[in-house]
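Report on the following structure.
Just so it is clear, the structure is predicted and the values come from calculations on it, not from any experiment. Here is how names work: the chains are called A, B, and so on, in the same order as the sequence lines, proteins then strands, and each is numbered from 1.
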Amino acid sequence: MLLRMSSLLLRTLREEPADAEVPSHRLLVRAGFIRRAAPGGYTWLPLGKLVLDRVTAVVREEMHAAGGQEISFPALLPREPYETSGRWTEYGDDLFTVKDRRGADHLLAPTHEEMATLLVQDMTGSYRDFPLLLFQIQTKFRDEARPRGGLLRGREFLMKDAYSYDLTENGLIEAYERMRAAYQRIFTRLGLDHAIVSAVSGAMGGSVSEEFLAAAEVGEDTFVGCTDCDYAANTEAVSTPAPPAREVTAPTMEVHDTPETPTIASLVELANERGLGGRTDWTAADTLKNVVVTVLHPGHGPELLAIGLPGDREVDLKRLNAALAPATAVLFDDFESRPDLVKGYIGPQGITIPYLADPRVAPGTAWLTGANEPGKHATDVVAGRDFNPDGTIEAAVVRPGDPCPACGDGTLTMRRGIEIGHIFQLGRRYTDAFKVDVLGADGKPVRPTMGCYGIGLSRAVAAIAEQHHDEQGLVWPAAIAPADVHVVAAGKDGQVEAALALAATLSRAGLRVLVDDRPNVSAGVKFTDAELIGIPRCVVVGRRLAEGFAELRDRRTRERTEVPLVDMAGVIAAELG
RNA sequence: CGGGUCGUGGCGCAGCUUGGUCAGCGCGCUCGCUUUGGGAGCGAGAUGUCGCGGGUUCGAAUCCCGCCGACCCGACCA
């Protein structure tokens, strides 16, 4: 490959684009890799397309190596299959829907579990057809409420999605582990520093799922690690260790006048001032906060739900929604319509709506909480004695320093990451929905079990840019750089010709070459552009040309060495291994 | 979807408060000459329905209404 900058569709920007905030977005636009074309939609320019194709090639290679067979579904799909699976409504507003000329509903696919399952139903009939692993690389559509960060979250993006079908649980687990291993190889090859964390399944359904998160400040996901063990999880999936149930030793519940204490802080202050329950050491953690939310089930009416949690914790709506999925929740604020719910003074004893408690609200624990009357709270309200929650829920914020749910010894640390991959053991949700059965070896029907595995390819490009850049610009890992070498003609006196000749030589040696042969562009501009574009190594054809030397620069380390022109191809080939 | 900021040549911005030589600056672009190892100099040029639609007015980039879009925070979502 030999690309000449004199004719390349490229315009680097000296100034920061005003609409770009995150580093990957700024740099990819400035360096001429992408261009915004629509809300949440980007055009891949020649350099960007080269990178995207490299990423795609790595993924495709590893998918084949893992036994995958590549197919391609339509992106424009009819409504019925998604109606059958329930996702037409469950996916909600994020689903891009369109009507055809006859008024029939269609959708632009956000993922293809339904179509993959229908294909399996259509084309298999016997246990001999399994196991099966299908994958495709295709543009996906989601009507995101808020596209952001350039390629990080678009309404249209490139995704590799794969679907496994097995006849046994062990088969599914084996396929899942194989894909998990393939993902680790892929992200390592892409140069992405990543973590594998337990996750919640969201609209996909299913039980076990893990996310691959690329560590990045601008990531939208927060995940925890443990100081002592290898536990890692998305905050949404963190489980709270429940204290063991204990004997009830607390005295009888007692109601106190606590005027003007609608907040936890004001309640704790007053409780200590008055020595409520004979104590003056109340903290927020001793109180039980009861938050009312409106739960919206897809396709049903709203429902009220109260959530009880220690007063020093807020409700984390992300965690709450993850726990309630596919239903969603919003904070309830129309207390005037519900006189039975006394804002600021709600207690779980005798509450009139469903009540779920944080795991820390274990049987036998005693709390300072609302008395369901304005200006009154109660002490020694004991779980299991004075109230019985309808269940537990993981909705409280997770904080650094919280105990690890896995080992119990360590504490949790928190980082942010970009979700670049997500793998699920879906089970039979979709094969049940479409009633897929095949004949087993014993002649009896068997229902296949399913896994699905996604990688955001365009997002991965952004994640790589996020992790590989410096003050001057992008610094692509060799495996996915748009070229192997960037040849710069730095001076006058025939150096453009010499640079082109060298570029041709390197290209013939099998290297992918970008050559800056722009006439009448100063060396400074070319160097700056080369650093912005971020090809791993740059060859400067300049002042020592007459002696038969050119300068080889390493983009990352900034190391410079003089190399004889005749040896250049060999030296670079050696570096590439 | 709520709150905020914003929309003026390819990019970055000024102008709007107080309507009327305000279509302006820098970068980029074109041509010529000079320059050529770290975003060159001089000269000459081209590029705008001032986001869209409506309204007020003799007159609107500027004032009013509606819409669209961008970005940030939150919500939502992966």
Closest to side chain of A:Arg11, choosing from B:rC29, B:rC71, B:rC77: B:rC29
Specify the residues of residues 182-194 of chain A, ordered by number, for which at least one heavy atom lies under 4.0 angstrom from an atom of RNA chain B. none
Would you please name every residue forming a side-chain contact (heavy atoms from CB on, under 4.5 Å) with A:Ala232, sequence neighbours left out? A:Val197
Quantified in whole Å, what is the P atom distance between nucleotide B:rC29 and nucleotide B:rU21? 33 Å
For A:Arg11, the side chain to side chain donor-acceptor pair (under 3.5 Å) test, sequence neighbours excluded, returns none
Taking side chain to side chain donor-acceptor pair (under 3.5 Å) as the definition, give me every residue that meets it alongside A:Thr557, ordered by chain and number, with sequence neighbours left out. A:Asp554
Counting primed atoms, P, OP1 and OP2 as sugar-phosphate and everything else as base, the B/S/- map of nucleotides 32-48 of chain B against protein heavy atoms under 4.0 Å is ---BSBBBS--------
With sequence neighbours left out, what residues match A:Glu547 under side chain to side chain donor-acceptor pair (under 3.5 Å)? A:Arg544
Considering only atom C1', compute the distance from B:rG37 to B:rA70 and round it to an integer number of Å. 40 Å
side-chain contact (heavy atoms from CB on, under 4.5 Å) involving A:Glu497 - partner list, sequence neighbours excluded: none
Suppose we screen for side chain to side chain donor-acceptor pair (under 3.5 Å). Which residues come up paired with A:Arg459, at least two apart in sequence or across chains? none
Residues in side-chain contact (heavy atoms from CB on, under 4.5 Å) with A:Thr263, at least two apart? A:Ala265, A:Ser266
